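Here's the structure, in structure tokens; my notes come after.
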Amino acid sequence: MRAPLTMHTAATLATTGGRAAPASTRAPESPLAVRGLTVSYGEKPAIFSVDADFPAQAMTAIIGPNGAGKSTLLKAALGVIPRLSGEVSIFGTPVEQARDRIAYVPQRASVDWDFPTTVIDVVQMGLYRKVGLLGRLSGAMTAQARECLDRVGMADFAHRQIGQLSGGQQQRVFLARALAQDADLYLLDEPFAGVDAATERAIIDVLKLLKAEGKAVVAVHHDLSTVADYFDHVFLINVRRIAEGPVATTFTPENLSAAYGGRLAATHMAELAGVAS
Ligand SMILES: Nc1ncnc2c1ncn2[C@@H]1O[C@H](COP(=O)(O)OP(=O)(O)OP(=O)(O)O)[C@@H](O)[C@H]1O
Ligand SMILES: [Mg+2]
């Protein structure tokens with residue numbers, strides 16, 4: 001005779017679709033977890049033995065000075081650059097098996113803006129994973145691409161060449177492509193770099209909406225004055241992990257000082273951290 005279900009096992013079965021999960025897999029899986037991640041382009045590591053756990057349904061800021069390894073961390077997490085050592089897990093699975101759950105907006109300086117393609121084509125690239133490279137995009141998918149452009153206020157530019165847009169407009173288009181991917185984890189490398197206040201507002205509104213839909217948003221961010229307003233969680237890095245946690249407890253003068261060294265004046269840091277309290 002089978003043992004009766006206890007409240008505990010009933011709850012476990014309910015959340016695992018009927019399969020009893022081992023204790024180690026019961027906790028909700030982190031959208032992005034890295035352990036002991038080391039990446040090196042030459043002799044000196046760009047990031048060294050980094051651990052991180054970015055939370056679900058939250059906006060996380062990756063903060064640190066130029067050259068701290070922020071972009072490297074994102075690229076290594078995506079698996080687009082090789083890691084020397086360490087583990088990356090996306091929603092509890094290896095990154096190779098979770099690519100269709102991740103949308104990535106690269107740092108603007110790293111994109112070749114001269115490639116001859118239109119704005120709507122760029123956004124539709126976000127949909128190819130669903131139909132396959134040789135698949136034809138259905139009318140519904142084209143409409144979806146247009147809707148994503150509309151969400152970032154770029155519908156009027158659908159047939160413009162991407163290289164003929166301003167920097168801020170290009171940034172909006174790449175966000176539209178990320179939206180078209182309908183991912184669960186959004187990784188954005190400096191989404192607000194060089195954009196005007198209206199574009200920044202438009203982008204943050206879209207990101208907050210993604211969070212409200214239950215997505216995890218991770219953005220490299222340089223403007224320390226908006227961290228407390230935009231983000232829930234912060235990760236400070238300078239080659240090594242400096243600190244990670246909720247903004248209210250982690251975005252402190254001590255941690256900023258540790259990340260930036262003497263490069264930020266103490267009064268400025270106290271002011272910024274005051275924003276978080
Ligand atoms: N392709 C590469 N080849 C060699 N070194 C590289 C390469 N990409 C980055 N680096 C080096 O690795 C270190 C980390 O670079 P990374 O781009 O990750 O920094 P970052 O924190 O994103 O900086 P920024 O704020 O300027 O964007 C830097 O010292 C950089 O010079
Ligand atoms: Mg960078």
Side-chain angles (χ1 to χ4, degrees), residues 32-54 59-88 90 95 102-115 167-168 170-175 177-178 185-195 199-200 203-204 207 216-228 230-231 233-245 247 250-251 255-265 268-269 272:
L32 170 56
V34 309
R35 291 288 171 271
L37 186 61
T38 298
V39 176
S40 188
Y41 298 101
E43 267 177 32
K44 237 174 70 191
I47 56 174
F48 183 74
S49 195
V50 168
D51 291 347
D53 266 297
F54 297 145
M59 288 192 38
T60 297
I62 298 179
I63 294 170
N66 291 139
K70 305 177 299 294
S71 298
T72 300
L73 173 63
L74 289 190
K75 287 184 216 165
L78 281 162
V80 297
I81 54 171
R83 44 187 194 258
L84 206 59
S85 59
E87 300 297 325
V88 177
I90 308 286
V95 60
I102 314 171
Y104 169 56
V105 178
Q107 194 167 348
R108 236 169 59 201
S110 67
V111 177
D112 173 10
W113 296 110
D114 288 333
F115 58 85
Q170 289 168 340
Q171 197 70 349
R172 287 180 183 230
V173 171
F174 272 73
L175 180 61
R177 182 180 68 166
L185 169 63
Y186 285 79
L187 302 179
L188 305 106
D189 201 339
E190 300 196 27
F192 307 116
V195 304
T199 297
E200 178 155 335
I203 293 175
I204 196 70
L207 299 182
V217 177
V218 176
V220 175
H221 192 63
H222 274 297
D223 181 0
L224 300 180
S225 70
T226 51
V227 169
Y230 292 173
F231 295 94
H233 191 86
V234 281
F235 179 87
L236 290 110
I237 183 171
N238 194 343
V239 182
R240 295 165 187 266
R241 168 175 124 151
I242 304 291
E244 178 182 4
V247 169
T250 311
F251 189 58
N255 286 336
L256 286 170
S257 174
Y260 287 86
R263 283 195 253 174
L264 281 182
H268 184 51
M269 285 192 291
L272 291 170

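Each ligand, and each atom within it, is numbered from 1 in the order the structure gives. Being a predicted model, the structure only gives us computed values, none of them experimental.
Across D51 and E244, no two heavy atoms sit closer than the pair O-OE1, 4.2 Å. Between I237 and V239, the shortest heavy-atom contact is CG1-N, 3.8 Å. Here the shortest heavy-atom pairing between V227 and I63 reads CG2-CD1, 3.7 Å.
The shortest N/O to N/O separation between G64 and ligand 1 does not fall below 3.5 Å.
Ring geometry for F192 against Y230 counts as tilted: the plane angle lies between 30° and 60°, on a 0 to 90° scale.
Closest to atom 26 (O) of ligand 1, if we only count protein heavy atoms, is N66 ND2, 3.1 Å. Atom 29 (O) of ligand 1 has as its closest protein heavy atom G67 O, 4.0 Å. Among protein heavy atoms, the minimum distance from atom 17 (O) of ligand 1 is reached at S71 CB, 3.8 Å. From the protein, the heavy atom lying nearest to atom 25 (O) of ligand 1 is K70 NZ, 2.7 Å. Among protein heavy atoms, atom 27 (O) of ligand 1 sits closest to Q107 NE2, 3.0 Å. Looking only at heavy atoms of the protein, atom 18 (O) of ligand 1 is closest to T72 OG1, 2.5 Å. From the protein, the heavy atom lying nearest to atom 9 (C) of ligand 1 is Y41 CE1, 3.3 Å.
Checking I242, N255, L224 one by one against Y260, the side chain to side chain contact (heavy atoms under 4.5 Å, CB included) holds for a single residue, L224.
At a 4.0 Å cut-off, not a single heavy atom of G42 sits close enough to ligand 1 to count as contact. Heavy-atom distances between H222 and ligand 1 reach below 4.0 Å in at least one pair. Heavy atoms of E190 approach ligand 1 to within less than 4.0 angstrom.
Atoms of ligand 1 found under 4.0 Å from any heavy atom of G69, numbered from 1 in the order shown, are 14 (C), 18 (O), 19 (O), 20 (P), 21 (O).
Between F251 and F231, a ring centre-to-centre spacing not shorter than 6.0 Å is recorded.
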Exercise for review: May I have the step-by-step check of side chain to side chain contact (heavy atoms under 4.5 Å, CB included) for I81 and Y41, ending in yes or no?
Suggested key: CA-CA 9 Å; I81 54 171; Y41 298 101; 3.5 Å; yes
Point to revise | Residues L188, F174; criterion side chain to side chain contact (heavy atoms under 4.5 Å, CB included); working and verdict | key: CA-CA 10 Å; L188 305 106; F174 272 73; over 6 Å; no
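Rounding to the nearest 0.5 Å places CD of Q107 at 9.5 Å from CD of Q171.
In summary, an N, O or S atom of Q107 is located under 2.8 Å from the Mg ion (ligand 2). Note on S71: counted as a metal contact of the Mg ion (ligand 2), an N/O/S atom lying under 2.8 Å.
Proximity of atom 31 (O) of ligand 1 to the protein is not indicated, since no non-hydrogen protein atom lies closer than 4.0 angstrom.
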